[in-house]
There are 2 protein chains.
Amino acid sequence: MRGKEAKVTIYDVAKKAGVSKSTVSRYLGGRFHELSPKTQQKIKQVIDELQYRPNNLARGLKSSRSYLIGALVADITNPYTTAILRGAEDVCKQHGYSLLICNSDNQPAKEREYISMLQSHKIDGLLIQTTGGNSDFLETLSENGKTPIVLVDRKIPELPFDTVEIDNRGAVMQAVSYLIKKNYKRIGYFTEPVAHFSPRHERYTGFQEALRLVNPSHPSLEDLFEVDLNDESQLEKKLNTFLSRTSKEPRAIIAGNSVIALKIIIKLKEQGYKIPDDTGFLSFDNPEWAAAVFSGITTIEQPTYQIGKTVMELILKRLADNESPVQTISYQTRLIERESAPGR
Amino acid sequence: MRGKEAKVTIYDVAKKAGVSKSTVSRYLGGRFHELSPKTQQKIKQVIDELQYRPNNLARGLKSSRSYLIGALVADITNPYTTAILRGAEDVCKQHGYSLLICNSDNQPAKEREYISMLQSHKIDGLLIQTTGGNSDFLETLSENGKTPIVLVDRKIPELPFDTVEIDNRGAVMQAVSYLIKKNYKRIGYFTEPVAHFSPRHERYTGFQEALRLVNPSHPSLEDLFEVDLNDESQLEKKLNTFLSRTSKEPRAIIAGNSVIALKIIIKLKEQGYKIPDDTGFLSFDNPEWAAAVFSGITTIEQPTYQIGKTVMELILKRLADNESPVQTISYQTRLIERESAPGR
DNA sequence: TTGTAGGCGTTATCAC
DNA sequence: GTGATAACGCCTACAA
């Protein structure tokens, strides 16, 4: 039992409204001043009756606008990521764009495949939290395809793209000086492997800088730990290294992001350590569970939603005018004080 | 400074390879047996050189396949949702599809707009966690557009669509009998407003059934609380109602999902209640933080990733053959025992 | 204000 | 095996 006409096209609307395709097209394009009120009304009515929806594929083929924005992120399962996407989506919707979301899993190969795929779909813009392994590809996309690309979170020095990030250096600095003011003598910094990821790198070196500012040979200059979370035993080992060598001093831990923070917290629990009695704790990001763990975890909040919004706004801006100079927008973070690092 | 040719089309490839468009098209379509090995090789080479990517818009216009799958969910910010999307994405990628992700925020109006938008993009299939307010629209999409639609999580009785869900009734039953076995005498069930959302409804009534099975006039038949989380004070009020009227008995709380679970936990902490000493606790979903809160929260885990995978598999199946009868796949849940309901 | 006539990049149906 | 050629549904000059 078929419904009405299988597919209704602009031609069907035109016919039924007794006008030509171009006229309907004008209506669709919002060029109302070129149409008589009567025609407008008639077209509107027919569109409603027929439940006509313009075909974006056809539209895009002609106008070379797909109204699709690619969002290529490391991991959509990470709340940090979804918050950003949420911001991006709201702006998209407002402007008639849709988001094509892909996960690279931090694998350059996967990222590359997705870039190709997105290119096929003729995306009008790309939001990317890049693995850093496909600069050549991205440059081609940007130059040949003229596709606006905006980097989020992770920047790439050699690429001349707009970037939205946070002031990572400032953020760690603030964290460190907060802990030092609270009289913690040893501060362990735990991060996922720094590799070539700019935010991890900036936080890592920022941490060192901050310590040196206080004391050029601060003992915690050796309390930096990169841990690969895929390796089950690594975290425990490094955590114990830190805990055992600082057992007699007031100490605190900074987690480089909320993923590793959660792992650390669970490990600490397993081993019977209490926050903040046995060790102070402070985490990057401000995950929803921060208030529910121990007596609340002090965190460094990023304006994630705003970041996503801004990315899309930059893309839209370039879509309107691609000539403005490349810019990097760096947001300040906010330290949310809870009870996990009350001082000693 | 322009790169090479701005856009490279099938025609450019054909010209450079010294063949016709049709031949290249055959190659792209994977019909290798219709091509001489020499031609194949030549085309492959030229494609690489030119970095040619077929234009999906044109391809879709002709073949009426967009290779786009719509994913219309309530809230991408909810970890439950992203886990499902992750499963869906992996299947998509494997088959050359991309995911167009949209948030309805549980608002039928927004959902409706997105359905229209997705229709415009000529999606080849739709994964939807529906608000329930757009059955007419969905039916049109399915009938006229012949677009396979699969409902996730929430079903709609009047719609003849494939559905993937969990056995909600079974899940609560298991939870309740677990708590009763642990000797809890009063069990409070907290849920977001049930309204017309099938999983919430099934859990709600399942809870009642489970109690009646034990005792047709079980006192906790009145311990059901629907709370609107947008109203700041509501949760606190209802929570206190329950806590005060059960203060002298062994009691536990079941949270209908991880969102409300977290809110309850935070409220309990604020007011100085301890889990499990002051009240047992058990939550639907198995959020990442479950192990980090108090001494671990006992949860009902859903196979979220698998659910997403299954949805996409159903869509693909219908894309290949739309004649098979409508089916509902219902997954069993798993109770993950931690320390939040050890019994009294 | 409205209609006519291409053409966007593919695929598919013919011939050769 | 391969090559012309006509759609697909829409947009945009250019005419009227």
Side-chain angles (χ1 to χ4, degrees), chain A residues 5-43 46-47 50-67 96 119-124 144-146, chain B residues 5-44 46-47 50-68 96 119-124 144-146:
Chain A
E5 307 304 313
K7 312 174 163 199
V8 16
T9 78
I10 199 174
Y11 181 70
D12 300 313
V13 176
K15 205 168 50 179
K16 185 149 182 182
V19 297
S20 75
K21 293 192 299 177
S22 354
T23 305
V24 179
S25 178
R26 280 186 264 265
Y27 177 87
L28 295 175
R31 288 159 21 224
F32 302 120
H33 54 283
E34 300 180 18
L35 301 174
S36 80
K38 250 181 59 183
T39 314
Q40 281 180 46
Q41 219 170 4
K42 183 67 187 162
I43 293 178
V46 174
I47 286 180
L50 260 38
Q51 297 217 50
Y52 168 72
R53 303 262 83 220
N55 181 333
N56 242 292
L57 299 174
R59 196 205 284 261
L61 180 56
K62 183 64 193 169
S63 63
S64 59
R65 283 233 164 175
S66 62
Y67 290 96
Q119 234 170 325
S120 267
H121 284 292
K122 299 293 165 191
I123 49 166
D124 291 342
N144 290 10
K146 297 279 171 218
Chain B
E5 307 303 314
K7 314 174 161 198
V8 16
T9 78
I10 199 174
Y11 181 70
D12 300 314
V13 177
K15 203 166 54 181
K16 184 151 185 180
V19 297
S20 75
K21 292 191 301 177
S22 334
T23 304
V24 179
S25 177
R26 279 187 263 265
Y27 177 88
L28 295 175
R31 282 144 43 212
F32 302 122
H33 54 282
E34 300 179 20
L35 300 174
S36 80
K38 249 182 60 185
T39 315
Q40 281 179 48
Q41 219 171 3
K42 184 67 186 161
I43 293 177
K44 177 175 168 37
V46 173
I47 286 180
L50 259 38
Q51 296 217 52
Y52 168 71
R53 305 263 81 222
N55 181 333
N56 243 292
L57 299 175
R59 197 203 284 260
L61 179 56
K62 183 63 192 167
S63 64
S64 57
R65 283 232 165 177
S66 61
Y67 289 96
L68 254 24
Q119 235 171 324
S120 268
H121 285 291
K122 298 293 164 192
I123 49 167
D124 290 342
N144 291 10
K146 297 278 170 221

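By convention in this document, chain letters (A, B, ...) are assigned in the order of the sequence lines, proteins followed by strands, and residues within each chain are numbered from 1. What's counted below: heavy atoms across the whole structure, side chains too, no hydrogens, waters or symmetry copies. Bear in mind that the values here come from a model prediction, so they are computed numbers and not experimental data.
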*Any side-chain N or O of A:T9 under 4.0 Å from OP1/OP2 of D:dG9?*
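No.
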*When you measure from every atom of DNA chain D, which of residues 30-42 of chain B have a heavy atom less than 4.0 Å away?*
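Contacts with DNA chain D under 4.0 Å: B:E34, B:L35, B:S36, B:T39.
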Check the distance between [N]'s [atom2] and [X]'s [atom1] and give it to me in whole angstrom.
X	N	atom1	atom2	answer
A:K62	D:dC11	NZ	C1'	6 Å
B:R65	D:dG9	CZ	P	16 Å
B:Q119	D:dG9	CD	C1'	16 Å
A:K21	D:dA7	NZ	P	12 Å

For nucleotides 13-16 of chain D, list the nitrogen or oxygen atoms of the protein found under 3.5 Å from its nitrogen or oxygen atoms, one pair per line.
none

*From the options D:dC11, D:dG3, D:dG9, select the nucleotide whose nearest atom is closest to the side chain of B:T23.*
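Minimum distance to the B:T23 side chain belongs to D:dG3.
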When we call it a touch if two heavy atoms are under 4.0 Å apart, what does [X] touch: a base, just sugar-phosphate, or nothing?
X	value
B:S25	base
B:Y52	sugar-phosphate
B:V19	sugar-phosphate

*asked:* Reading DNA chain C from 5' to 3', where do the contacts with chain A start and stop? Cut-off is 4.0 Å to heavy atoms.
replied: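 Listed 5' to 3', the contact boundaries are C:dT1 to C:dG9.
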*B:K44: what forms a salt bridge (charged side-chain N to carboxylate O under 4.0 Å, His left out) with it, not counting sequence neighbours?*
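With neighbours one apart ignored, the set is B:D48.
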*Considering residues at least two apart in sequence or located in another chain, which fulfil the salt bridge (charged side-chain N to carboxylate O under 4.0 Å, His left out) criterion with A:K16?*
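Residues passing salt bridge (charged side-chain N to carboxylate O under 4.0 Å, His left out) with A:K16: A:E49.
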*asked:* Working to the nearest 0.5 angstrom, can you tell me the gap between A:I10 CD1 and A:I43 CD1?
replied: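 The distance works out to 8.5 Å.
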Under 3.5 Å, sequence neighbours excluded: what are the donor-acceptor pairs made by side chains of residues 22-33 of chain A?
from: A:S22; atom 1: OG; to: A:S20; atom 2: OG; distance (Å): 3.2
from: A:T23; atom 1: OG1; to: A:S20; atom 2: OG; distance (Å): 3.3

